[in-house]
Amino acid sequence: MTSATSTGTSPSGAHTEPWTFVAVSSASVKRQIRAIVEREEEVNYRKRMGHEWTTVLQPLRTSWRKDYLTDAPYLILVFKQDYGVTTNGRRKVHYYKELSVAIACGLLITAIQYAGLVTLTSTPLNCGPALRHLLKRPLNEKLAILLPVGYPAEAATVPDLKRKALQDILVEVVD
Ligand SMILES: N[C@@H](Cc1ccc(O)c(I)c1)C(=O)O
């Protein structure tokens, strides 16, 4: 809850706040989300993604099986609002909506981490409409990301990812 509050302070194009955060703790809804995601991801991994994509993911040990969707106490689904609707029913343009939602997701991930919890950035391919429907979200909302949130399992391991060196990511322009 606190994480969503801090994320709601995120900057957005023309301050249109083009996001909706859906926090799911219901075990039965989490089960339904898992069924939708695993059904699509199995096809993604087996057919749609192709050899190059699945090969590059191998060190990260991802797969179509998503135990975390029912293990995690919370699933936060972030929806991007393609446009807003004013109180008198008119459409409101949402400027820079992709970038605004991406910034908000970054803040949310950071807030979760600062709260002592963990998450992962999951991007259920081709599941947006079914998840939007399940969660009764309106047509102007598109799923941007799904974050399972909780404490790490005792036996959890994470890949030992190396980061690019500072000189490879920072270009300084000085007088
Ligand atoms: N959406 C899939 C596949 C996936 C996974 C990790 C990743 O960095 C990338 I790029 C894609 C999934 O969530 O498993």
Side-chain angles (χ1 to χ4, degrees), residues 1-7 10 19-80 97-135 137 141-170:
M1 198 58 88
T2 319
S3 302
T5 309
S6 44
T7 308
S10 194
W19 44 62
T20 306
F21 305 97
V22 181
V24 178
S25 57
S26 154
S28 74
V29 177
K30 284 191 284 182
R31 272 197 301 274
Q32 292 175 75
I33 291 174
R34 181 173 176 181
I36 290 169
V37 173
E38 287 191 329
R39 190 178 59 221
E40 284 301 322
E41 290 285 27
E42 185 168 8
V43 186
N44 294 335
Y45 276 84
R46 288 193 199 280
K47 295 190 183 141
R48 298 189 187 117
M49 288 160 63
H51 181 69
E52 190 178 334
W53 193 350
T54 50
T55 305
V56 83
L57 288 182
Q58 266 166 19
L60 301 177
R61 314 240 308 261
T62 64
S63 89
W64 62 269
R65 265 182 237 277
K66 309 286 184 195
D67 295 331
Y68 57 74
L69 293 176
T70 45
D71 287 350
Y74 274 94
L75 303 179
I76 302 180
L77 293 92
V78 184
F79 286 87
K80 171 193 71 176
K97 55 204 172 198
E98 281 82 14
L99 184 55
S100 303
V101 171
I103 294 170
C105 289
L107 283 189
L108 178 55
I109 292 164
T110 308
I112 289 166
Q113 199 78 26
Y114 267 92
L117 296 159
V118 295
T119 185
L120 67 88
T121 50
S122 104
T123 48
L125 188 66
N126 278 6
C127 303
L131 294 175
R132 184 181 58 69
H133 192 254
L134 173 72
L135 299 170
R137 299 311 308 158
E141 296 190 4
K142 302 274 148 54
L143 181 69
I145 205 163
L146 189 167
L147 302 173
V149 181
Y151 292 106
E154 278 203 1
T157 59
V158 290
D160 184 16
L161 300 177
K162 303 283 180 272
R163 261 63 188 191
K164 287 180 178 173
L166 189 59
Q167 68 265 25
D168 295 332
I169 61 168
L170 175 69

inquiry  = In the structure I gave you, are the side-chain heavy atoms of Asn126 and Arg48 within less than 4.5 Å of one another anywhere?
reply    = yes
Non-hydrogen atoms of Trp64 and Arg46 that approach each other most closely = NE1-NH2, 4.0 Å
key: Non-hydrogen atoms of Pro148 and Ala72 that approach each other most closely   = CB-CB, 3.8 Å
query = Under a 4.5 Å cut-off applied to non-hydrogen side-chain atoms, are Thr55 and Trp53 in contact?
reply = no
message = I'd like to check Ile76 versus Val22 (side-chain heavy atoms, cut-off strictly below 4.5 Å). Are they in contact?
response = no
inquiry  = Which heavy atom of Leu125 sits nearest to which heavy atom of Glu41, and what is that distance?
reply    = N-OE2, 3.9 Å
task = Using modelled atom types only, decide if a donor and an acceptor are shared between the side chain of Lys97 and the backbone of Trp19 within a distance under 3.5 Å.
result = no
message = Quick one, Lys30 and Leu69 - any side-chain contact, counting heavy atoms below 4.5 Å?
response = no
key: Over 12 foreign heavy atoms within 6.0 Å of OH, Tyr45   = yes
Nearest heavy-atom neighbours spanning Val118 and Tyr151 = CG2-C, 4.0 Å
inquiry  = With heavy-atom distances below 4.5 Å as the criterion, would you say the side chains of Gln113 and Thr110 are in contact?
reply    = no
request  = Any chance you could lay out the side-chain contact (heavy atoms from CB on, under 4.5 Å) test for Ile103 and Val101, step after step, and finish with the verdict?
outcome  = CA-CA 5 Å; Ile103 294 170; Val101 171; over 6 Å; no
query = Taking the side chain as C-beta and beyond, is there a heavy-atom pair between Leu146 and Ile33 under 4.5 Å?
reply = yes
inquiry  = By the definition side-chain contact (heavy atoms from CB on, under 4.5 Å), identify the one residue from Leu147, Thr7, Val149 that meets it with Ile109.
reply    = Leu147
Side chains of Val78 and Leu143 in contact at under 4.5 Å (non-hydrogen atoms) = no
Non-hydrogen atoms of Ile145 and Thr123 that approach each other most closely = CG1-CG2, 4.5 Å
key: Partners meeting salt bridge (charged side-chain N to carboxylate O under 4.0 Å, His left out) with Lys80 (sequence neighbours left out)   = Asp82, Glu98
ask   = Are a donor atom and an acceptor atom from the side chains of Thr70 and Arg34 found within less than 3.5 Å of each other?
value = yes
query = Is the count of non-hydrogen atoms from other residues, nucleotides or ligands lying under 6.0 Å from Gln167 atom CD greater than 12?
reply = yes
message = Counting C-beta onward and ignoring hydrogens, is there a side-chain heavy-atom pair between Glu38 and Arg65 closer than 4.5 Å?
response = yes
request  = Please identify each residue that fulfils salt bridge (charged side-chain N to carboxylate O under 4.0 Å, His left out) with Lys162, with sequence neighbours left out.
outcome  = Asp160
ask   = Out of curiosity, His133 NE2 to Ile36 CD1, how far, rounded to the nearest 0.5 Å?
value = 10.0 Å
query = Measuring from Lys47:NZ to Thr54:OG1, what's the distance to the nearest 0.5 Å?
reply = 14.0 Å
Leu131 CG to Glu141 CD distance, which is reported to the nearest 0.5 Å = 13.0 Å
message = To the closest 0.5 Å, what do you measure between SG (Cys127) and CG (Leu134)?
response = 11.5 Å
